[in-house]
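Here is the structure we will look at, set down as structure tokens.
As the structure lists them, so they are numbered: ligands from 1, and atoms in each ligand from 1.
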Amino acid sequence: MISKQKAINWQRIYDLLAEQVPASKFDAWIRPIHAVVNNHQLSLSVPSRFFLDGLRDHYEKLLGELVQKEFGDDVEVIFTVDPSLGTVTKEKHSKKEASSIDGFIDPRFTFENFVVGSSNEFCHAACRAVADQPGETYNPLYIHGGVGLGKTHLINAVANSLLEKDDMKIAYRTSERFTNELISAIRGGTTEQFRNRYRQVDVLIIDDIQFIAGKGSTQEEFFHTFNALYEVRKQIILTSDRTPRDMKHLEDRLKSRFNWGLVADIQPPDLETRLAILSRKAELAGVTLPDDVAFLLASRISSNVRELEGALTRLTAHATLTGKIINMDFARHVLRDLLHEQVRTITVDDIQKKIAGYYNIRIQDMRSKKRTRNIALPRQVAMYACKQLTSMSLPEIGESFGGRDHTTVLHAVRKIKRVMQESSDFQNEIDRALSLLR
Ligand code: ADP
Ligand code: MG
């Protein structure tokens with residue numbers, strides 16, 4: 001067969017890549033390539049193994065497509081490492097730098113060590129997306145949720161993951177530290193430096209932003225930093241213990257900015273996720289946690305992952321110091337104070353009965369298919385109560401309410417929360433209902 005194939009010409013591919021790849025990436029990844037053509041082979045040499053991995057991750061596909069389009073299928077692209085190229089490229093491209101971080105992050109808080117369950121999957125996915133494409137997907141990313149549910153862990157995971165990229169300048173602060181720095185900058189007359197420092201970063205992460213509420217000059221400064229970064233599409237990530245709307249004493253212009261990107265909430269984990277977290281933490285700590293002990297902890301300590309972790313740490317420490325093995329008796333003894341607090345368990349039957357009584361409907365209606373408002377609302381309240389007061393998962397709750405889907409439960413929980421936020425009357429109504437159960 002006569003081949004109509006054109007001679008392989010690296011320059012042609014190089015020019016096409018220059019059109020398609022952003023300049024900074026082109027300088028970093030394509031320019032350093034040394035190409036040699038040999039019959040049907042295009043051999044591409046790069047300075048290091050690390051470089052090779054990066055190049056293949058980002059551009060192998062595109063390279064392959066261009067080569068095939070220009071020169072046909074039977075061209076083989078080969079990658080090789082040639083360390084002698086290193087010195088040249090370094091000089092030529094001293095601009096390409098490793099990523100850096102200003103602030104303290106915890107190297108143990110990674111995505112790999114984060115257990116995903118229905119309570120945090122949305123937030124986790126948002127953080128992943130931001131780590132993959134900072135500044136391009138959700139900006140700002142605002143994470144809110146109660147204490148000890150993994151907010152700090154997740155934003156550290158984003159930072160840890162960004163550190164593996166090139167050329168990322170990350171600043172990580174608690175809002176307290178941000179405030180303190182600002183105060184000393186004001187005192188020392190160095191606000192200009194303070195400003196420049198923050199405005200040069202690619203990613204700004206501030207943990208527990210609720211603490212800037214009410215602090216006039218910090219808010220003011222943060223507002224300007226926010227705008228400066230946002231305008232040039234630099235990523236901003238914030239966490240808080242509450243929604244932007246619930247931040248009393250926060251200026252409206254900041255509240256509204258916090259809503260510009262994505263607001264993601266993180267909920268207390270269900271039993272299954274708590275068990276998975278325990279098992280992951282035990283594995284990381286190198287301890288063997290028997291299933292019944294794990295279940296005891298996970299079912300009794302339900303509202304806060306930090307406490308759950310604390311219980312595990314305490315168990316491990318006692319076991320190591322006394323040389324005993326961890327079993328049920330040992331756990332009950334060591335954790336007696338923690339476990340006692342939460343002994344009284346509320347069942348779904350209690351909840352359905354009390355809430356039905358409160359709203360004057362029949363308990364059967366809770367589990368029926370009826371969707372009239374006078375039935376649907378109490379049912380949603382009861383679902384919400386189950387989520388708050390028991391360790392049941394969304395599917396389990398759905399099952400107890402006439403075999404409903406977990407998304408129906410999620411919808412109910414979110415709706416009740418939303419209306420509670422919007423109306424203090426409704427909030428009182430719900431507080432009274434729940435107080436019947438405690
Ligand atoms: P927050 O900032 O929301 O108060 P943290 O991120 O400090 O909570 O989390 C408290 C502890 O619980 C940390 O040690 C964290 O690693 C752990 N943790 C929380 N959620 C998870 C999870 N889904 N998987 C693994 N560890 C978790
Ligand atoms: Mg935190």
Does any non-hydrogen side-chain atom of Met366 lie less than 4.5 Å from one of Ile361?
yes

Over 60° means perpendicular and under 30° means parallel, so tell me whether His153 and Phe114 are parallel, tilted or perpendicular.
perpendicular

Heavy atoms only: which of Arg280, Arg306, His153 lies closest to atom 7 (O) of ligand 1?
Arg306

For ligand 1, indicate whether the residue Arg108 contacts it via side chain, backbone, both or neither (heavy-atom separation under 4.0 Å).
neither

Any side-chain donor-acceptor pair under 3.5 Å between Thr408 and Asp405?
no

Ignoring angles and geometry beyond distance, decide whether Ile277 reaches within less than 3.5 Å of ligand 1 through its nitrogen or oxygen atoms.
no

Looking only at protein heavy atoms, identify the closest one to atom 19 (C) of ligand 1 and say how far it is in Å.
Val305 CG1, 3.3 Å

Heavy atoms only, cut-off 4.0 Å: how does Thr152 contact ligand 1, side chain, backbone, both, or neither?
both

Could you tell me which atoms of ligand 1, counted from 1 in the order shown, lie closer than 4.0 angstrom to a heavy atom of Val147?
4 (O)

Mark up the atoms of ligand 1 that fall under 4.0 Å of a heavy atom belonging to Gly146, in ascending order.
3 (O)

Assess the residue pair Arg367 and Asp349 against the criterion (salt bridge (Lys or Arg N to Asp or Glu O under 4.0 Å)); give the C-alpha distance rounded to whole Å, side-chain angles, the decisive distance to 0.1 Å, and a yes or no.
CA-CA 11 Å; Arg367 300 170 198 145; Asp349 288 332; 3.5 Å; yes

Going by atom types only, do Tyr359 and Glu429 share a side-chain donor-acceptor pair under 3.5 Å?
yes

Pair Thr273, Asp270: side-chain N/O donor-acceptor within cut-off below 3.5 Å
yes

Part of Thr239 within contact of ligand 1 (heavy atoms, under 4.0 Å)
neither

Checked the Mg ion (ligand 2): protein N, O or S atoms closer than 2.8 Å come out as Thr152 OG1

Would you find a donor on one side and an acceptor on the other, under 3.5 Å apart, between the side chain of Gln352 and the backbone of Ser400?
yes

Ignoring hydrogens and geometry beyond distance, is a side-chain donor-acceptor pair present between Asn259 and Arg245 at under 3.5 Å?
no

Could you verify whether a donor N or O on one side chain and an acceptor N or O on the other, from Thr239 and Asp207, lie under 3.5 Å apart?
yes

Got a donor-acceptor contact below 3.5 angstrom from the Ser302 side chain to the Ser299 backbone?
no

For Pro269 and ligand 1, answer yes if some heavy atom of the residue is under 4.0 Å from a ligand atom, otherwise no.
no

What residue and atom, counting heavy atoms only, is the protein's closest point to atom 4 (O) of ligand 1, and at what distance?
Gly148 N, 2.7 Å

